[in-house]
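In what follows, a single structure is set out as structure tokens and then discussed.
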Amino acid sequence: MEQAPEFSKGRDLDAAITALRPWLAARLGAAVDIEEASYPRGAGFSNETILVTTRTAQGVEDFVVRIAPAPAHQVYYEPRFHLQFEILTALHGRSDVLVPQPLWFEEDTAILGRPFYAMHRMHGRVPISMPGYNSTGWLADAAPAERRTLWDSSMRQLCAIHQVPASAVSFVDRPEHGPAGDTQHLSYWRSYIDWAFGDEVPPEVMTVMDWLTAHQPPVSAPGLSWGDARIGNIMFGNDFRVVGVMDWEQVSLASPLADLAWWLLFDDALSVGQGVPRLDGLGSRAETIAMWQDLTGYSIDHLHWHEVFASAKAGLISLRSRRSMRIPESTSTRRFDYLRRACELAEVATPEQARR
């Protein structure tokens, strides 16, 4: 079986343990022994993530330490690393959205070389994307009824995110990119292109972005958007129900539809996009859309536009990763061309046609 990759970012874990021990001791008010520190497998690509097990006189406690990416490892434009901590703080215990408990944010770069924050570690299982959960692993081995429970529970969390009032998370707004909603989101990703590619923008990228501008929905409904909405960013318990929702790097006030489109994209990319069928028990496209509409009360008008946008964004991230991040070649989505998908959905020139 293909082993999930580990994204270490080249850090010396022994040195990190030495630096974290007194830092944690000061916050826990007790002498701390770090029994184990490791990187999660198949996760932690965009942010450096260290899993830490500590022991004090009070017992054993597990934490997750997330470290801001250095420029050489930066996937997103204007990452606003502190925002990840803020959104967890805003959601934890104050909404129906299950997220890990944030504990402390550290600005001092003398400790680990970058800002970082710590949170309580959740325990459960994640359907990782490398290798893909539709072909191997604990979810592939589960019964269809168990997978149905997982899908239903995860969809309810997705919909709970979209019930959080935008006013409760107004700090997510990026007014420098225009009014919240589609306009702001499109402006941000145009800036992403300039930052990531400079003068070497593939022609199909601008073709799709021009299509998005020309076909932008006339009415925008800004709302909390998780940004990386997929079951691979959710942890589940042994009962196949959600333990917590993770990875908020792309959080915005784009639109809840942006999340639905992203969810549908990766549902395809990690199944038929890899030449494998979707696991029996996971909801179909029609079931996903119907449940989302029923639980949120939102319309799916302009979903097609958001699906083109989702494919374009995924393609941009993929291009940026291949050019600058040196991601492993054996990733589970390597057979799926997101930009080609965006071109096909928009009915504009595909990458091959654009190069002729």
Side-chain angles (χ1 to χ4, degrees), residues 43-47 49 66 75-102 119 122 126-129 150-174 180-182 184-185 188-189 192 220-236 242-267 269-270 283 288-289 291-293 295-298 300 303 306-307 309-314 317:
F45 167 59
S46 56
N47 278 294
T49 303
R66 299 205 77 176
V75 176
Y76 302 112
Y77 173 61
E78 298 177 338
R80 297 202 300 175
F81 181 70
H82 195 278
L83 184 61
Q84 296 178 45
F85 186 81
E86 290 182 79
I87 193 68
L88 294 178
T89 301
L91 295 178
H92 182 76
R94 304 179 189 179
S95 71
D96 292 330
V97 184
L98 301 175
V99 295
Q101 181 182 3
M119 51 190 167
M122 304 179 300
V126 178
I128 61 174
S129 303
L150 176 143
W151 176 80
D152 181 88
S153 182
S154 60
M155 281 297 301
R156 292 181 184 278
Q157 276 296 290
L158 178 65
C159 295
I161 291 169
H162 299 154
Q163 297 300 297
V164 175
S167 59
V169 290
S170 58
F171 57 85
V172 173
D173 194 18
R174 292 180 182 266
D182 300 335
Q184 185 177 112
H185 204 47
Y188 168 83
W189 281 93
Y192 179 102
S220 181
L224 180 60
S225 172
W226 172 12
D228 202 357
R230 51 193 176 91
I231 64 172
N233 280 333
I234 302 176
M235 182 173 286
F236 299 90
V242 173
V243 170
V245 177
M246 306 174 292
D247 292 341
W248 292 82
E249 296 99 320
Q250 295 189 70
V251 65
S252 72
L253 295 182
S255 165
L257 269 176
D259 278 349
L260 177 61
W262 192 265
W263 184 282
L264 293 169
L265 170 65
F266 277 88
D267 186 50
L270 293 169
T288 297
I289 293 173
M291 185 172 184
W292 186 83
Q293 285 184 286
L295 293 182
T296 66
Y298 291 131
I300 59 166
L303 175 59
H306 283 280
E307 289 194 86
F309 200 176
S311 297
K313 290 184 292 185
I317 294 169

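Since the structure is predicted, the reported quantities are computational estimates derived from the model, not experimental observations. Both backbone and side-chain heavy atoms feed into the values below; hydrogens, waters and symmetry mates do not.
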Closest heavy-atom pair and its distance - Gly181, Ser220
CA-OG, 3.2 Å
One thing to verify: whether Asp247 and Arg66 come together as a salt bridge, which I'm taking to mean a side-chain N less than 4.0 angstrom from a carboxylate O.
yes
Indicate the atoms forming the closest heavy-atom contact of Met119 with Pro102, along with that distance.
CB-CA, 3.9 Å
Checking Trp226 side chain against Met246 main chain: does a donor-acceptor pair fall under 3.5 Å?
yes
Specify whether Trp189 and Phe309 have parallel, tilted or perpendicular ring planes, treating 30° as the upper limit for parallel and 60° as the lower limit for perpendicular.
perpendicular
Under the salt bridge (charged side-chain N to carboxylate O under 4.0 Å, His left out) rule, collect the residues that match up with Glu307, sequence neighbours excluded.
Arg285
Spacing of Asp173 atom CG and Ser167 atom OG [to the nearest 0.5 Å]
12.0 Å
Which value, rounded to the nearest 0.5 Å, describes the distance between Met291 atom CE and Met155 atom CE?
6.0 Å
Quick one: does Leu83's side chain get under 4.5 Å of Trp248's, heavy atoms only?
no
In Å and rounded to the nearest 0.5 Å, what is the CG to OG1 distance from Leu158 to Thr296?
8.5 Å
Taking the side chain as every heavy atom from C-beta outward, state whether Leu265 and Arg230 have any atom pair closer than 4.5 Å.
no
Indicate yes or no for a side-chain donor-acceptor contact from Gln184 to the backbone of Arg174 under 3.5 Å, with no hydrogens or angles considered.
yes
For Ile231 and Phe266: C-alpha separation, side-chain torsions, deciding distance, then whether side-chain contact (heavy atoms from CB on, under 4.5 Å) applies.
CA-CA 9 Å; Ile231 64 172; Phe266 277 88; over 6 Å; no
For Gln157 and Leu98, indicate whether the former's side chain and the latter's backbone hold a donor-acceptor pair under 3.5 Å.
yes
Heavy-atom closest pair, residues Ser255 and Ser225
O-CB, 3.7 Å
Given Leu224 and Ile87, is the side-chain contact (heavy atoms from CB on, under 4.5 Å) satisfied, shown in steps?
CA-CA 10 Å; Leu224 180 60; Ile87 193 68; 4.2 Å; yes
Which heavy atom of Leu91 sits nearest to which heavy atom of Ser95, and what is that distance?
O-OG, 3.2 Å
What pairs meet the salt bridge (Lys or Arg N to Asp or Glu O under 4.0 Å) rule with one or both residues in residues 79-102, with sequence neighbours excluded?
none
Go through Tyr192 and Lys313 one step at a time and tell me if the side-chain contact (heavy atoms from CB on, under 4.5 Å) criterion holds.
CA-CA 10 Å; Tyr192 179 102; Lys313 290 184 292 185; over 6 Å; no
Hey, is the main chain of Val242 close enough, under 3.5 Å, to the side chain of Ser153 for a donor-acceptor pair?
yes
Sequence neighbours excluded - salt bridge (Lys or Arg N to Asp or Glu O under 4.0 Å) pairs with any residue from residues 153-166:
Asp152-Arg156
Kindly indicate, with the supporting measurements, whether the criterion side-chain contact (heavy atoms from CB on, under 4.5 Å) is fulfilled by Leu264 and Leu303.
CA-CA 10 Å; Leu264 293 169; Leu303 175 59; 4.2 Å; yes
Testing the basics here: between Gly223 and Ala166, what is the closest heavy-atom pair and its distance to 0.1 Å?
CA-CB, 4.4 Å
Between the main-chain N or O of His162 and the side-chain N or O of Tyr298, is there a donor-acceptor pair closer than 3.5 Å?
yes
Search all heavy atoms of Val99 against all heavy atoms of His92 and return the closest pair with its distance.
O-ND1, 3.2 Å
